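Nothing fancy with the numbering, it's 1 onward along the sequence. Worth saying up front: this structure is predicted, and the values here are computed from it rather than measured.
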Amino acid sequence: MKPLAKIFYQVTAFLGATGTFLCFVGIFFVWILYSRLDGGVKGAFDDVHDNFMKVKIILTGTDQKNTGTVQNDMKTALATGQKLRRLLSPAAKEETQLLELPPDVIAEAESLTKTLKDVNKKIGDARKLLDRMDGYKNSLLYDINLLEPESLDSINEKFLSVQEQCERALDFSQRIASSPAHKAEVDKEKASEEVATVTRTLTRLLGVLERLRNHVVRLSGEIDEVRDELLKTRASVRANIFYTSILLKLFLIWMGSGQATLFRFGYSNVSRLKTASATAEADESDEIAELDPN
């Protein structure tokens with residue numbers, strides 16, 4: 001019976017030791033997995049957030065010193081458009097000036113064209129930054145809901161709409177800038193019609209610029225909302241990962257404690273059997289010695 005009991009306790013001690021070791025290995029791997037997953041979420045968030053931050057800087061800048069932004073360019077464009085209207089008003093009212101488009105109008109229209117080209121380029125740069133995030137839509141964004149893909153699509157579509165409006169305004173300003181300056185010998189009626197056309201074009205231009213400015217302001221607000229959403233979702237996802245890893249570690253510690261108890265049970269009984277066997281052998285030797293004094 002004792003040899004079988006010894007084997008049983010030895011197997012129990014071995015299984016307990018193995019289980020304890022595996023539980024400690026499991027805790028180590030959970031820690032590694034948590035570090036990598038949390039780092040991956042943080043890295044992906046930082047990349048998306050940095051892109052949105054760059055888009056925000058393009059639109060509004062980070063402080064009042066940053067003048068090369070879309071919003072500031074739009075203020076300049078609107079101011080230039082209003083100046084064009086003031087310069088063109090006398091030409092539309094005074095019969096003597098109907099034969100010639102004022103040179104100041106052409107100069108301001110050329111300045112406005114340059115400003116709108118800058119705006120168009122900046123909006124294009126912002127769209128490129130947003131396009132870089134498309135890679136997340138089929139992995140990170142869908143898998144862990146870091147950001148609703150619809151939010152990104154909506155902003156991208158609005159940027160496209162803004163760019164189309166900017167190109168339309170650019171077309172109007174280029175038409176004004178390319179208008180000919182008529183001399184006195186040019187047909188008076190024809191010159192008057194062209195000035196009237198420029199006036200109508202300017203009215204359309206100002207309307208488009210106003211809508212464009214409003215779109216840019218709304219886009220800036222939407223980007224702030226998305227960034228707030230990112231902060232909340234990122235905190236929630238990272239908290240879930242953290243608490244899940246803690247629960248797994250506690251579970252493995254609990255399992256490890258049980259396996260350690262199993263090992264101690266088996267090992268102590270093996271030691272007890274060895275001690276009992278040694279004592280029995282000693283007693284048997286004493287008995288033999290008493291029976292055979294020689």
As a quick check of understanding, evaluate side-chain hydrogen bond (donor to acceptor under 3.5 Å, both in side chains) for T76 and T115, giving each step before the final call. CA-CA 8 Å; T76 303; T115 301; 6.0 Å; no
Nearest heavy-atom approach of G266 to A13 is C-CB, 3.8 Å
Quiz item: Would you call N72 and K75 a side-chain contact if the rule is heavy atoms closer than 4.5 Å?
Solution: yes
_Any donor-acceptor pair under 3.5 Å from S236 side chain to K232 backbone_ = no
Worksheet item: Taking side chain as C-beta onward, heavy atoms only, is R213 less than 4.5 Å from V216?
Response: no
Residues at least two apart in sequence or cross-chain that pass ring-ring contact (aromatic ring centres under 6.0 Å, His included) with F265, listed by chain then number, are Y9
The reported gap from CG in L59 to CG in D224 (rounded to nearest 0.5 angstrom) is 9.5 Å
Exercise for review: Report yes if the side chains of C23 and T20 come closer than 4.5 Å at any heavy-atom pair, otherwise no.
Suggested key: no
F14 and M255: same hydrophobic cluster, using ILVMFWY side-chain contacts below 4.5 Å? no
Between I123 and C166 the two heavy atoms that sit nearest each other are CD1-CB, 4.4 Å
Between V208 and A169, the two heavy atoms sitting closest are CG1-CB, 3.7 Å
Sequence neighbours excluded, the answer for side chain to side chain donor-acceptor pair (under 3.5 Å) partners of R264 is none
Any side-chain heavy-atom pair from L247 and F251 closer than 4.5 angstrom?
no
Nearest heavy-atom contact between L170 and S173 is O-OG, 2.9 Å
Test item: Q163 and R168 side chains (from C-beta on) under 4.5 Å apart, heavy atoms
no
Closest non-hydrogen contact found for Q71 with S220 is NE2-CB, 4.0 Å
(message) In the structure I gave you, are the side-chain heavy atoms of K56 and R227 within less than 4.5 Å of one another anywhere?
(response) yes
Taken in chain and number order and not counting sequence neighbours, the residues that satisfy salt bridge (charged side-chain N to carboxylate O under 4.0 Å, His left out) with K114 are D118
| request: State plainly whether one hydrophobic cluster holds both L248 and I32, where clusters connect Ile, Leu, Val, Met, Phe, Trp and Tyr through side-chain heavy atoms under 4.5 angstrom apart. | output: no
The reported gap from CZ in R36 to CH2 in W31 (rounded to nearest 0.5 angstrom) is 10.0 Å
Side chains of T80 and S111, donor plus acceptor under 3.5 Å: no
Across all chains, not counting sequence neighbours, the side chain to side chain donor-acceptor pair (under 3.5 Å) partners of K128 are none
Rounding to 0.5 Å, atoms CG (L15) and CG (L22) come to a distance of 10.5 Å
From the list N120, I58, V55, side-chain contact (heavy atoms from CB on, under 4.5 Å) partner of D125 resolves to I58
Contacts of L206 meeting side-chain contact (heavy atoms from CB on, under 4.5 Å) (sequence neighbours excluded), chain-then-number -> Q82, R85, L202
Residue set satisfying side chain to side chain donor-acceptor pair (under 3.5 Å) with R238, at least two apart, ordered chain then number -> D38
Heavy-atom nearest pair, S245 first then Y34, reads OG-CD1, 3.6 Å
### Task
Taking the side chain as every heavy atom from C-beta outward, state whether L209 and L116 have any pair of such atoms under 4.5 Å apart.
yes
